[in-house]
Amino acid sequence: MLIRTLCLVAYFIGLTAICATTEDPGTEITGLRCEMLTDPLGIDVVHPRLSWRLKPGVPGARRMAYRIMVASTREKLDRNEADLWDSGRTEDRGTSWYITYGGSPLQSKQQAWWKVKVWTAEGESSWSDAGYWSMGILNYAEWKSTRWIGMDKAFPWDSISQFSRLSARYLRKEIALKKKVKQARAYIMGLGMYELYINGNRIGDQVLAPVPTDYTKNVKYNVYDVTAALQPGTNALGTILGNGRYFTMRQDYKPYKIKTFGFPKMAMQLDIEYTDGTHEIIKTDESWKLTADGPVRTNNEYDGEEYDARKEMPGWNRPGYDDSHWLHASYVQEPGGFYEAQMTPGMRVMEEISPVSVKARGKGKYILDMGQNMVGWLQIRVSGNTGDRVTLRFSESLTEEGELYTENLRDARVTDVYTLKGNGEETWHPTFVYHGFRYVEITGFPGKPALENFRGQVVYDKMETTGTFESSDTTLNSIFKNAYWGIRGNYKGMPVDCPQRNERQPWLGDRATGAYGESFVFGNATLYAKWLDDIRNAQTPDGGIPDVAPAFWRYYGDNVTWPATYFTVADMLYSRYADYRSIKEHYPFMKKWMRYMEANYLREGLMTKDKYGDWCVPPESLELIHARDPARKTDGTLIATAYYVHLLQLMTKFAGIVGAPDEDVRHYRDRITEMTEAFQQRYFNTDRQYYDNNTVTANLLPLAFGMVPDNRSAQVFDHIVRTIEQTNNGHISTGVIGTQFLMRTLTAYGRADLAYRLASTTTYPGWGYMVANGATTIWELWNGNTADPKMNSQNHVMLLGDLLIWYYEDLAGIKTDPSHPGFGKIIMNPAFGCGLDKVSATYRSVRGPVVSNWSRKRGKLQWDITIPPDADAEIYLPAGSPDKVRVDGKKLHTTGMVYESKGEKIMVKLASGTYNIRTSY
Ligand code: BGC
């Protein structure tokens, strides 16, 4: 204890070296990550960032120094022979969360084993277990003689049309291995999607791989260790190529808008290291054979997949298959984009669910109910005769008559067909498509289908579920569940708007603030880091950013609120994951866009270009998609100007982070002043003290962005409250833009109770209304059960706005201090008085779990808190006096904890650990 106290003192005065010799058996290191990935194969960052966590357990645990060893083999690492890098003992208090590799230059395909130890107040920890990463192919020259192969033509059974049909292409090659294999790695690019097999075994468990990109800009390769899949002698390599976004869903249809890339193709290197130390690289070339006459007859993300099991080619991916009737693969043109390692895990089957009912509807027709609007596919188990055709059609809901409601799918046909081979039980699911559905219409099923014949396989990017939330309000809990299903369903190697209709596009605006809320529930860092690259890659040479990126749909119309997501997502990565690098890498491109917008659209201090307004406000009539009533709409220039000021504020912050020149900051500040003045002049109604036409959004944006002169804030806020309480009778009137700031601003100005009223109401419009009307995800429109089906997805997440942020930051009180990103310091100040009796939330931060469980009853508050290692917290209690506060049963003043009165609250400082707090007020 004495040593610990000494060290704590040393920690605060910065003399940590005195603790160097003590053994610390209690501190354990876990969760080793390289570039936020666990043991990644094939990364192409030459200075990878390493991170880890301390296992919770030792109270107050915080690292003061670390030492990292990196070696080229496991054996060397075990012998402490750090031939690549030994950081030596490095003082660091966990402020720089990712430690950048600083050893000898890493080579292509290099392997690296690493471990770390830390010094805490307890002394020196033992070494962590070993972590691993390997490098990808770092030089284009190394890909040079690896040719792209495929077949640039359609086959007679294919169709290149609006409803394109293209069968999957099967490729194979046999290789002879003469020596014993020590290690083998496959580096594969298969576009649009691929499955790789060796000797009949599928390699890896990724589905719908690789993650989609604009293939003319960049192409992702995957790396697999295939050592165990190879055998002495003859080996068979096989791939199946699906269309994905490469041979896009709509061909020869609106080519000015819909981008397509060509016929599926692949390039691969199989790098074999023999036990004698020699290497052989097997590359794709014209010796590969190809057929498109296999079982996958068509695959189209919108229209579905058709599989004819009678066309299966037993043994095609094993040695000895007679492929003499197959074609020779041709050399085809490369896609054009840079080759990059896929540094996000890609999609998997993440969960399986069973249907809840299957009901007969007329002769041979059944409706299956999954009980949940889900995204993925249906796996079927069926026995019947050869040639029996099972047709599956999907929808999110049913009509009043109990049939599939498909009008909101637009022209997406969303139909899978399985034709049986007819020898016993057959199990099947599609390979290259996914659907957003709750109901499935089944026809042609031999016999009577039972629930056991079906499994719903939920597909999205592999990531941790990091957050849980429960409260005393069941509506809030149901909304959370709906958000959870909606968010994960719409992760498809990029965030898409919806998973069911003929759209499924990575619209930027949908995630502007949503990404931040999502990040409480899912560890989505690598998905969003990849998306920032997609956005940058979509930038025009003069700086324009599209509304959809990758720009599979070309929307380069220029506006502020959709491209703004480029900035807000980078800010999210910084604040949640302490990821500085994204800001650093993207800053120049963000700056370019800012200048571009200024040069083209800034007129007398106002940003004059807007496209979407406050998208999807509740309209005046329940059938409408967009309001026509001017009183409901917010002026586009008002939105664009306010939001642009918000981005200037972010750029000022980013400039500090990246160390940009002073003139950048000066420029942003000048613009902020000039635009805020112009905004005030143009939109503030000095007589009535509100902005423009007094919509909630018109008042909310300037308030949220600090643009309202101090002496007017209260009045402006008052108008927001009056509109919500009196005009709207406690309901929402904001769309995609206003809702991004609604809940937090109401709470920040002291009306958490009103925010709670908005969240918990079950009457129209609101999230609770969706729940009350049977939604199991979040709708695209507030009036999603009555609106025109043209734009009426039942699984869109953009209307979540800042709701989830409010759940975690304001209800649970789990919020990172902005100056200690990545939860280095946590500010816990829940709105205890909002009207809820109880909130239980957990969030697995990069440092470890944060827990906040509170309940209130008759003036008494119970609060269980966990602060992860390497973090501390300031918590705010509603106690009148410190005497009323007990921490783990002890009076606050006897605990030695630092506390002080802050207004009506008591602020207590907590170190990492678990606490039970009670107080009365
Ligand atoms: C999409 C939205 C998108 C919007 C913008 C819709 O069709 O589904 O999510 O942001 O268009 O135009």
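All heavy atoms count here, side chains included; hydrogens, waters and symmetry mates do not. Counting starts at 1 for both ligands and their atoms, following the listed order.
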K.L.:
For D416, what residues pass the salt bridge (charged side-chain N to carboxylate O under 4.0 Å, His left out) criterion, not counting sequence neighbours?
P.N.:
none
K.L.:
Quick one: which ligand 1 atoms are inside 4.0 Å of a heavy atom on H796?
P.N.:
1 (C), 2 (C), 8 (O), 9 (O)
K.L.:
State whether the shortest distance between N or O atoms of R501 and N or O atoms of ligand 1 falls below 3.5 angstrom.
P.N.:
yes
K.L.:
Number the atoms of ligand 1 from 1 as they appear, then name those within less than 4.0 Å of a heavy atom of D497, with their elements.
P.N.:
1 (C), 8 (O), 9 (O)
K.L.:
Contact between ligand 1 and E780 is defined here as a heavy atom of the residue under 4.0 Å from a ligand atom; is it met?
P.N.:
yes
K.L.:
Would you verify whether the NZ or CZ of R504 falls within 45 degrees of the ring axis of Y434 while also being under 6.0 Å from that six-membered ring's centre?
P.N.:
yes
K.L.:
I need the nearest protein heavy-atom contact for atom 10 (O) of ligand 1: residue, atom name and distance, please.
P.N.:
D510 OD1, 2.6 Å
K.L.:
Can you report which non-hydrogen protein atom sits closest to atom 12 (O) of ligand 1, along with the distance?
P.N.:
Y612 CE2, 3.0 Å
K.L.:
Once salt bridge (charged side-chain N to carboxylate O under 4.0 Å, His left out) is applied, do any residues pair with K790, and if so which ones, sequence neighbours excluded?
P.N.:
D788
K.L.:
Taking the six-membered ring for Trp and the single ring otherwise, decide whether the centroids of Y246 and F261 are under 6.0 Å apart.
P.N.:
yes
K.L.:
Using a 4.0 Å cutoff against the non-hydrogen atoms of W615, which atoms of ligand 1 qualify?
P.N.:
4 (C), 5 (C), 11 (O), 12 (O)
K.L.:
Using 0.5 Å steps for rounding, measure from the CE atom of M798 to the OG atom of S793.
P.N.:
8.0 Å
K.L.:
Among protein heavy atoms, which lies nearest atom 7 (O) of ligand 1, and at what distance?
P.N.:
E503 OE2, 2.9 Å
K.L.:
Looking at M798, which atoms of ligand 1 are within less than 4.0 Å of one of its heavy atoms?
P.N.:
9 (O)
K.L.:
Quick check on Y555 - does any of its heavy atoms sit under 4.0 Å from an atom of ligand 1?
P.N.:
no
K.L.:
Just checking, R595 and W593: is the charged tip under 6.0 Å from the six-membered ring centre and within 45° of the axis?
P.N.:
no
K.L.:
Salt bridge or not between D692 and K633? Use side-chain N to carboxylate O under 4.0 Å.
P.N.:
no
